[in-house]
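A short write-up of the structure that comes next.
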Amino acid sequence: MTDPVTLITCKDLAFGYDGAPAVHDVTLTVVGGDYLCVVGGNGSGKSTLIKGMLGLLKPLAGTLCFEPDLKPSDMGYLPQQNTIQRNFPASVWEVVLSGRLGRLGLSPVYHRADREAAREALAVLGVEGLAKSGFGELSGGQQQRVLLARTLCAATDGLKLLILDEPMNGLDASAKLELYAAITALNSQQGIAIIMVTHDVQAAVDYASHILVLEGRQAFFGGTHEFQHTRVGQELIRDSCGDACESCGMAYLATPGDNRAAGATHRTGER
Amino acid sequence: MEFIETLSQMFTYTFLVRALIVGLLVSLCASLLGVSLVLKRFSMIGDGLSHVGFGSLAVATAFNWAPLAVSIPVVVLAAFLLLRLSERGRIKGDAAIALISASALAIGVFVVSKTTGMNTDVDNYLFGSILALTQQDVVLSVVLSLGVLIIFVFCYHRIFAVTFDETYARATGIPAGFYNTVLALLTALTIVLGMRMMGALLISSLVIFPALSSMWLCKRFAAVTICAAIVSLVCYVIGLVVSFVYQTPTGASIVLVNLAAFTIFYAISRLRMLRGA
C-alpha cells in the first residue's frame, strides 16, 4: 500500500441552516484508511456536518478541502434509513443496481458493467444469495448490508471514503455486530476510509481509529487511544457504559485507565 | 358470443371508441405514475389536482374558454405548488392539499352557480361523462399521454431511485427535486386528460388503485409497475363494458371494478400468506 493520503481537511468549519450554525469550529483531517466515528447527543450537529461534507450544505465559515484526486464517485454515503424503505416493494437487485444511477448518463437502461459491479458488491458484503429477495422482507441488518452494497457499487474505481449516518439504528445486538464486522472489513481489507455517525460511544472506542465529539461545536478530535485519556472521552465512555454494562460485564466500572482492556477484546490490533 | 356481439355493437359508437382510446392511455399513464406517488406518500396530490381541475374547468366554461387550454396550465401550476408546499412549506403536505383542493372546488362551484347554474355540466365535471370528448381532445390526449409514457420509460430508473431513497439520490448528485417535479408535471397532465371522462371526484382512483392492488402481490418494483399497468387497463375495459351494458356512469363503474380487483388481490395475498405460514 502506498502512503495514505489526506482525503479531507476541515478548518474552523461551520454548517447550519438559514445562517444559524448548527455545528461550528470543526477542525480535522481524514486520512485514507482512517475509521472516524462522530459521536454526540441529539442536536449536536452530527447529521449537519455529514450533509455539509457531502456538499448538500454550504459552509457558513471555515474551509473544507478534499484531496484533488478524490472524485465525488469515490465517496459513498449510507443515509439514515427512512420509513418508506422498510416495506418498499423492490428486489435487492433493483436496490443495489440503483447505486449505478449516477453513471447512467443519458442512457435509460443499465449496462453489463453496471450489473457486474452490482453482483460484485453483493458478494463483498456476503448477501449475493439475497439478490432476488424482496427488500421489504429482509431483516434490518440485511437491509443495511444491501444498502451498503448499493453504495459500494456506485464507486467507479473502488470506494475511497464511506460516510454512514447512524447505520445501527433499529438493529438488534447481533445484527449490529454483523454490520460492524462488515464495515470493519471494508475498512481493513479494502482500505476504505470510514466516517460513521453514531451515538454508541462504546462501539466507537471499540472499532474506530479516530473519534470526533460534537456538542454543537467540536469538543474533541483525535485518535481513539488519546480519546480514552481525555476527560471528555472518559465521561462519555462512563455515560455510555450506563446502558451497556449488562452486556459488557461491568468491566467499564474499573478505573478509566483500564477500560481499554474490555474494549480490546472486541477489536484485534490497533492501527 | 353474445359478449362479442355487445362489444362490436359498442364500438360502432364513435364516442365509445374515443373513450376507449383516451381511457386506455390515461389509465396506463395514471397507473405507472401511481406506483411512485403511492410509495412517496403523494397519493393525495392526485386528488388535490383533480379538484383544482374541476375549478379550472368550471371557470373556463363560464368564460367560454377552451377547457383543456385553461385546465392544463392551472393544474400544472397547482402541481408545482403542492409539491413545494409538501416538501418545505410551513403547512404540512396533507393539510396543504386539503386546503388547495377545497378552495378550488369552492371557486368552481361559486363561479358555476353565478353563471350557468348548477346544471348537468357540473354533474359531468364531478362524476365524468364519456360524451364530453371531442375529436380534438382525442388527438391532444394521445399526444400528451405518449409524451408521458416516453418520459416515464426514459426516467424509470431515476424515478425508482428518487422514490426509494431521496436522500441518497441527492447525495450522489441526482437532481431529486427535478425528478419530483417531472413526476408532478406528468401527474398533472394525466389528471387533466382523464378528468372529464372519469370525473374530478373519481380520477385519482386511477392513480391509486392499480398501484395498491399490485403491491399486494408483487415484491419487485418493476413487477409492481407492470402489474399496475395491466390491472389498470383491464379494469378500464371491464368498467367501460359494464357501464355500456348496464347503463351505469362510466367513471363510477371503472372505480368499482378497480375496487373489486383490489379486494381480489388482497384476498390472494392473504391466502398465500396462510399457505406459507
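Order of the sequence lines sets the chain letters (A, B, ...), proteins ahead of strands, with each chain counted from 1.
Residues passing the side-chain contact (heavy atoms from CB on, under 4.5 Å) test with P59(A) are L13(A), F15(A), sequence neighbours excluded. For the side-chain contact (heavy atoms from CB on, under 4.5 Å) test, residues two or more places apart in sequence or in another chain that qualify with I238(B) are V234(B), V242(B), V257(B).
For a residue to count as touching a neighbouring chain, one of its non-hydrogen atoms must lie under 4.5 Å from one of that chain's; by this rule A222(B) touches chain A with backbone and side chain alike. At a 4.5 Å heavy-atom cutoff, the contact between V95(A) and chain B is made by backbone and side-chain atoms alike.
Taking a 6.0 Å sphere around NZ of K176(A), one finds it holds more than 12 heavy atoms contributed by other residues, nucleotides or ligands. For OH of Y266(B), the number of neighbouring non-hydrogen atoms (other residues, nucleotides, ligands) closer than 6.0 Å is 12 at most. Within 6.0 Å of atom CD in E120(A), 12 or fewer heavy atoms from other residues, nucleotides or ligands are found, so the atom counts as exposed in its surroundings.
Of the listed residues Q80(A), K51(A), Q81(A), Q85(A), the one with more heavy-atom pairs under 4.5 angstrom with chain B than any other is Q85(A). Your options are P89(A), P108(A), S98(A), and the one with the most heavy-atom pairs under 4.5 Å with chain B is P89(A).
Using a 4.5 Å heavy-atom cutoff, the side chains of E128(A) and R119(A) are not in contact. V162(B) is listed as a side-chain neighbour of K40(B), based on a closest heavy-atom distance under 4.5 Å.
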With side-chain contact (heavy atoms from CB on, under 4.5 Å) as the test, would you mind laying out the steps for W93(A) and L122(A) before giving the verdict?
CA-CA 9 Å; W93(A) 182 245; L122(A) 281 170; 3.9 Å; yes

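Residue-level contacts of residues 28-39 of chain B with chain A, in order of numbering, are L39(B); threshold 4.5 Å between heavy atoms. Scanning residues 130-149 of chain A against chain B with a 4.5 Å heavy-atom cutoff picks out G134(A), F135(A), E137(A), L147(A), ordered by number.
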